[in-house]
Structures are given as C-alpha cells and as structure tokens.
Amino acid sequence: MTFSQRVLVVSAAVALMATAAPFAQAQDGRLSLADRVSQLEQQHQQDAGTQSLNVELLNRVNQLQTEVQTLRGMVEEQGHRLTELEQRGRDQAMDFDARLSALEGGVASAPTAPNAPTAPTAPDPVASGTLGGVVGQVANAPMPADPVPESTVADSVASPVPAVPELDAAAERAAYDQAFEALKNGQYAEAARRFQSFIDQYPNGEFAPNAQYWLGESYYVTQNYQVALEAFQRLLADFPSSNKVPDALLKVGYSQYELKHWDEAEATLNRVIQQFPDSTVSRLAQGRLRALRLENRQ
C-alpha cells in the first residue's frame with residue numbers, strides 16, 4: 001500500500017469515529033433519562049409506602065392513646081367509688097359513736113336520787129271513822145272511759161318510715177356496679193345490655209350520665225361505631241353538664257372518623273380542641289386530626 005493510500009485509510013477511520021461519537025453520546029443520554037425515570041418511580045413508590053406506614057403508625061398510636069384514656073376513666077371511676085365507700089364508713093362510725101353516747105347518757109340519768117323523800121302514809125279509814133265518806137265518794141264518782149285497746153295505743157306510736165330513697169339509691173348503685181364490672185371483665189355485649197337496662201330503669205339517676213357514656217364505649221370497642229356514635233350523641237343531648245361531656249364529644253369525632261365521615265369528624269375534633277384547650281381530650285383530638293389529614297379520602 002502506498003503512502004497516499006495509508007493516509008486515505010486513516011482519514012476514513014477518523015471520520016467514522018467522529019460520526020459514531022454523537023450516536024454513542026445520545027445513547028448514553030437516553031439510558032441516563034430512563035434511569036432517572038426509574039429512580040423517580042421508585043422514589044414515588046417509597047414515598048407512598050412511607051406515607052401509608054405513617055398513617056398506620058399514627059392510627060396505632062391513636063388507638064393506644066384511646067385505650068389508655070378508657071383505662072384512665074375506669075381507674076378514676078373506681079377511685080371515686082373507693083372514696084365514697086371510705087366516706088360512708090366514716091359517717092357510719094360517727095353515727096354509731098353519737099348513738100352510743102346518747103344511750104350512755106340516758107342510762108346515767110335513770111337512777112333515782114338516794115335521799116328522795118318518803119311519801120306520807122295515808123290514814124286508816126276504819127280507824128279514823130271516815131270509811132263511809134270514802135265509800136260515798138267512790139259511789140258518786142264518774143265512771144272512767146273505756147280503756148283504749150292496746151293495738152290502738154301501739155298504732156298511735158309513730159313507727160319508723162322505711163328508707164325508700166336509700167333503698168333505691170343502693171339498688172341503683174348495685175345495678176351500675178354490675179354493668180361496670182362486666183365492662184372491666186371484657187364482657188362488652190353483657191355490659192352494653194346491663195348499661196341499657198340501667199338507663200331504662202334509672203333515666204334520671206345519679207349514675208345515668210356515666211352509664212350512657214360507658215354504653216357508648218361498650219359499642220365502640222366492639223367496632224359498632226354507628227351505635228356508639230348514637231350513644232355518645234345521646235349523652236351530649238341529655239346530660240350537657242356532665243363531666244363526661246369532653247370524653248363523649250371526643251368519641252363522637254372518633255366514631256365519625258371510623259365511619260369515614262371525614263368532614264364531620266374534622267369539625268367535631270376541632271370543636272373538642274376549641275372547647276377544651278390544654279386538656280387530654282384536646283391532645284388526642286389533635287393526634288386524630290393528623291391521621292385524618294394523611295388518610296386517603298377517596
């Protein structure tokens with residue numbers, strides 16, 4: 001091969017390399033773009049999975065907080081009951097001491113004074129010659145009235161009136177305690193039945209608001225959210241001054257959340273925060289609102 005031919009071959013090779021370079025660069029560019037799209041898709045999937053995990057974790061935290069709140073309410077109820085029993089025991093002890101002191105005072109005043117004067121002896125009517133006069137006075141004296149029957153005398157003494165209100169209060173307390181005991185033991189269906197029976201029997205009783213609240217709890221823990229919602233709303237309507245109102249309003253929002261009534265749940269939870277700021281129910285409402293905003297509302 002001559003020198004000129006060699007130069008021609010080298011020039012052709014250089015030209016071919018120059019032509020292939022842009023194609024290789026374009027090919028590299030297309031692969032890089034595909035890699036970027038793939039990375040973006042993977043990132044999106046990771047973000048979606050992370051969001052789903054965050055919602056799940058937040059719901060779990062909210063559930064645990066709800067359980068803690070329920071247990072705290074039950075402990076407070078038991079503590080209140082214990083305080084009532086202690087107070088009743090002190091009252092009974094004081095009443096017993098007062099009765100004992102009254103009895104001791106009555107016994108001490110019963111004996112007759114030792115130097116009491118002796119009654120004068122009546123003169124003998126025979127010896128004094130006045131027997132006839134005495135007989136005449138007796139004959140002319142008016143006849144006494146018929147004796148009052150013993151039964152009438154007994155009836156005239158005021159007999160103690162049965163303490164009906166106390167008996168009713170004791171029966172009400174016993175019925176409420178039985179329903180609450182079933183709830184503590186996890187017998188939720190039985191607890192709901194007993195609380196409903198209690199409310200029917202004592203609709204205006206002392207423990208009616210608490211019974212209405214725990215009735216709603218009995219349904220909520222068994223995921224009967226619609227019935228629980230109605231029970232909590234009933235408490236808010238019938239007992240607006242009860243100390244269970246904050247908890248009941250929070251559970252209304254929780255029930256609406258579980259039923260996926262998103263707008264209603266958000267409004268109720270915001271109402272809890274506004275009406276009861278700086279409280280446990282307010283903090284729980286804020287946590288549930290965070291979960292609500294992460295939820296898919298489709």
Side-chain angles (χ1 to χ4, degrees), residues 55-78 172 175-205 207-240 242-272 276 280-292 294-298:
V55 172
E56 183 178 353
L57 290 175
L58 193 54
N59 284 335
R60 181 58 180 163
V61 170
N62 288 332
Q63 181 181 357
L64 291 174
Q65 289 177 333
T66 302
E67 293 175 0
V68 169
Q69 182 206 19
T70 301
L71 292 174
R72 184 185 292 114
M74 297 176 72
V75 170
E76 290 175 353
E77 185 113 6
Q78 291 292 88
E172 178 186 354
Y176 178 81
D177 287 343
Q178 290 173 358
F180 193 75
E181 192 68 22
L183 180 65
K184 286 197 306 179
N185 294 334
Q187 301 171 348
Y188 301 119
E190 179 65 15
R193 187 187 68 80
R194 288 182 177 273
F195 279 124
Q196 186 61 64
S197 175
F198 177 90
I199 295 168
D200 294 339
Q201 189 172 2
Y202 305 100
N204 299 315
F207 307 104
N210 286 23
Q212 186 68 46
Y213 175 80
W214 293 117
L215 174 65
E217 282 285 359
S218 301
Y219 288 121
Y220 185 86
V221 296
T222 54
Q223 300 183 358
N224 293 318
Y225 299 120
Q226 182 60 46
V227 185
L229 174 62
E230 295 171 0
F232 292 129
Q233 288 175 332
R234 176 80 178 271
L235 185 148
L236 297 176
D238 293 351
F239 308 101
S242 169
N243 60 359
K244 287 293 185 183
V245 165
D247 295 321
L249 185 60
L250 178 68
K251 286 304 175 67
V252 167
Y254 277 15
S255 301
Q256 292 168 338
Y257 174 89
E258 298 295 346
L259 292 169
K260 300 187 185 304
H261 299 168
W262 307 118
D263 294 337
E264 296 176 5
E266 186 173 8
T268 301
L269 294 172
N270 282 320
R271 180 181 166 192
V272 172
F276 310 102
T280 300
V281 294
S282 176
R283 289 189 291 272
L284 291 173
Q286 292 172 7
R288 187 55 62 97
L289 277 174
R290 286 193 293 270
L292 189 150
L294 290 174
E295 280 284 2
N296 183 6
R297 301 192 186 187
Q298 299 297 328

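Since we're looking at a predicted model, the values are computed, not measured.
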Walk me through whether R234 and Q212 qualify under side chain to side chain contact (heavy atoms under 4.5 Å, CB included).
CA-CA 8 Å; R234 176 80 178 271; Q212 186 68 46; 3.7 Å; yes
From Y254 atom OH to L284 atom CG, the distance as rounded to the nearest 0.5 Å
4.0 Å
Heavy-atom pair with the smallest gap, counting every atom of A285 and L269
CB-O, 3.7 Å
Please test W262 against Y257 for side chain to side chain contact (heavy atoms under 4.5 Å, CB included), starting from the C-alpha separation and ending with a verdict.
CA-CA 6 Å; W262 307 118; Y257 174 89; 3.8 Å; yes
Quick one: does Q178's side chain have a donor or acceptor within less than 3.5 Å of a partner on R194's backbone?
no
Quick check against the 3.5 Å criterion: does E266 have a side-chain atom that pairs as donor or acceptor with the backbone of L289?
no
So Y219 and E230, do their side chains get closer than 4.5 Å, heavy atoms only?
no
Which heavy atom in L236 sits nearest to a heavy atom in A248, and how many Å separate them?
CD2-CB, 4.0 Å
Does the ring of F239 carry K244 above it, NZ/CZ under 6.0 angstrom from centre and within 45° of its axis?
no
Would one find more than 12 heavy atoms of other residues, nucleotides or ligands at under 6.0 Å from atom CZ of R193?
yes
Do you know the tightest heavy-atom contact between F232 and K251?
CE1-CB, 3.3 Å
For the residue pair S255 and Y225, what are the closest heavy atoms and their distance?
CB-O, 3.9 Å
Pairwise distance OH(Y220) to CH2(W214) - rounded to 0.5 angstrom
13.5 Å
Could you tell me how the ring of Y176 sits relative to the ring of F207: parallel (under 30°), tilted (30 to 60°) or perpendicular (over 60°)?
parallel
When every non-hydrogen atom of G216 is compared with those of A228, the smallest separation belongs to O-CB, 3.5 Å
Test item: L249 and V281 side chains (from C-beta on) under 4.5 Å apart, heavy atoms
no
Please name the pair of heavy atoms, one in P203 and one in A208, separated by the smallest distance, quoted to 0.1 Å.
O-CB, 3.6 Å
Side chain to side chain donor-acceptor pair (under 3.5 Å) with T268: of H261, Q256, R288, only one passes, and it is Q256
Residue pair N210 / N243, side-chain heavy-atom distance below 4.5 Å:
yes
